[in-house]
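Report on the following structure.
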There are 2 protein chains.
Amino acid sequence: MIYDVYSEACPTRLVLDRLADKWVLLVLGRLTEGPMRFNHLRREIEGVSQKVLSQTLKRLERDGLVTRQAFPTVPVTVEYAITPLGRTLSETAQALARWAETNIEAVMAAQAAYDAQAGGQTSRATT
Amino acid sequence: MIYDVYSEACPTRLVLDRLADKWVLLVLGRLTEGPMRFNHLRREIEGVSQKVLSQTLKRLERDGLVTRQAFPTVPVTVEYAITPLGRTLSETAQALARWAETNIEAVMAAQAAYDAQAGGQTSRATT
DNA sequence: TCTACATGGTTTCAAATTGAAACCTGGTTT
DNA sequence: AAACCAGGTTTCAATTTGAAACCATGTAGA
């Protein structure tokens, strides 16, 4: 059986759609360093809301990319960790984040050039 | 100046958010093979609507990742091509798509296991 | 001439997704 | 008792999405 993300009905589409998410990439990147508690993750990944972090982790758990373990400590402690399967992905996931950090200046320069020149214009063809 | 995608205010966040998109990854993957016309891309990338493809390409152009060239042929021909900057990204972008294709079965198995066992349950801690 | 079709889009509008903020459930310290 | 911790869920308004319709231009067919 051959899978192809370019085919609409292919189940890989569902997976790709899930991975291609800012929060997923950031969560996996952090968990690569080691297990982490919910609120710790929340503080590390600035700007993520509780709801979204909760949903993201739940999906990642279902997909077998992270595990969730609760400890019956004083206030309950919940620790999330990356699985071996998740680890095979995190390298690639982090590469995207690193690309953004490395190439942000080139992208911003391109945006400035685009906005300055063709910004509001209607597309002129080969004029 | 140090950029960090984990910081809320960092401009790399905007870039990461743009890249972390299913359609962006698929478009870049296809354009890596060579320039392509609008409707050709639309047919290759099954399931993408005209509006979304149009928006995606416009953003990628502004970000300096693809170029748009219109030819005054019979029905106008518009060709999109990847830029050198875009090419530095496409390797990574495609790696995500390939990961999905390679690991889809492991993911589906994990989902089935999760649904069968803990699916509707309330989280039981370390029981 | 009237209809139909091709390219490359934009517009419209209902439906799904998101995010901020409030709330909840224990249990603990002050 | 009031307030705070962890780890969530719920609520609701606003943004984003997607399907479908429309538009401009030009060609070919009946």
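Reckoned from all heavy atoms, side chains included, excluding hydrogens, waters and symmetry mates. Note on naming: letters A, B, ... go to the chains in the order of the sequence lines (proteins, then strands), and numbering restarts at 1 for each one.
To the nearest angstrom, P of C/dG9 lies 9 Å from CG of B/L53.
With contacts defined as side-chain heavy-atom distances shorter than 4.5 Å, the pair A/Y3/B/E105 qualifies. Residues A/L60 and A/V27 have side chains in contact (heavy-atom distance under 4.5 Å, counting atoms from C-beta outward). Side-chain contact check for B/L41 versus B/L31: some heavy-atom pair is nearer than 4.5 Å. Using a 4.5 Å heavy-atom cutoff, the side chains of B/T88 and A/W99 are in contact. When side chains are defined from C-beta on, B/E44 counts as touching B/M36, because their heavy atoms get closer than 4.5 Å. Taking the side chain as every heavy atom from C-beta outward, B/I82 and B/L65 never approach each other to under 4.5 Å. Side-chain contact between A/V78 and A/R37: absent, with no pair of heavy atoms (C-beta onward) separated by less than 4.5 Å.
Taken residue by residue, residues 25-43 of chain B places no heavy atom nearer than 4.0 Å to DNA chain D. Within residues 9-20 of chain B, no residue has any heavy atom closer than 4.0 Å to DNA chain C.
Under the 3.5 Å distance criterion, the side-chain polar atoms of B/T83 are matched with a main-chain donor or acceptor of B/G64. Remark: side-chain polar atoms of B/D21 are paired, donor with acceptor, to backbone N or O of B/V24 under 3.5 angstrom.
With hydrogens and angles left out, the side-chain atoms of A/E61 and A/Y80 include no donor and acceptor closer than 3.5 Å.
Taking only side-chain nitrogens and oxygens, A/Y80 comes nearer than 4.0 Å to OP1 or OP2 of D/dG8. For the OP1/OP2 pair of C/dT7 and a distance below 4.0 Å, the side-chain nitrogens and oxygens of B/T73 include no atom meeting the criterion.
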List, with names and distances, any nitrogen or oxygen atoms from the protein found under 3.5 Å away from nitrogen or oxygen atoms belonging to nucleotides 17-24 of chain C.
residue: C/dG19; atom: N7; partner: A/K51; partner atom: NZ; Å: 2.6
residue: C/dG19; atom: O6; partner: A/K51; partner atom: NZ; Å: 2.4

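Residue A/L28 holds its CG atom at 10.5 Å from CZ of A/R87, rounded to the nearest 0.5 Å.
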Under 3.5 Å donor-acceptor pairs involving side-chain atoms of residues 5-15 of chain A, not counting sequence neighbours:
residue: A/Y6; atom: OH; partner: B/L26; partner atom: O; Å: 2.7
residue: A/Y6; atom: OH; partner: B/R30; partner atom: N; Å: 3.3
residue: A/R13; atom: NE; partner: A/V5; partner atom: O; Å: 2.6
residue: A/R13; atom: NH1; partner: B/E46; partner atom: O; Å: 3.0
residue: A/R13; atom: NH2; partner: A/V5; partner atom: O; Å: 3.4
residue: A/R13; atom: NH2; partner: B/E46; partner atom: O; Å: 2.7

Per-pair distances, 0.1 Å, donor-acceptor, side chain in residues 52-59 of chain A, under 3.5 Å, sequence neighbours excluded:
residue: A/T56; atom: OG1; partner: A/V52; partner atom: O; Å: 2.7

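For the helix from C/dT1-D/dA30 to C/dT30-D/dA1, the angle separating the two terminal helix axes comes to 30°, with each axis derived from five pairs and the value rounded to 10°.
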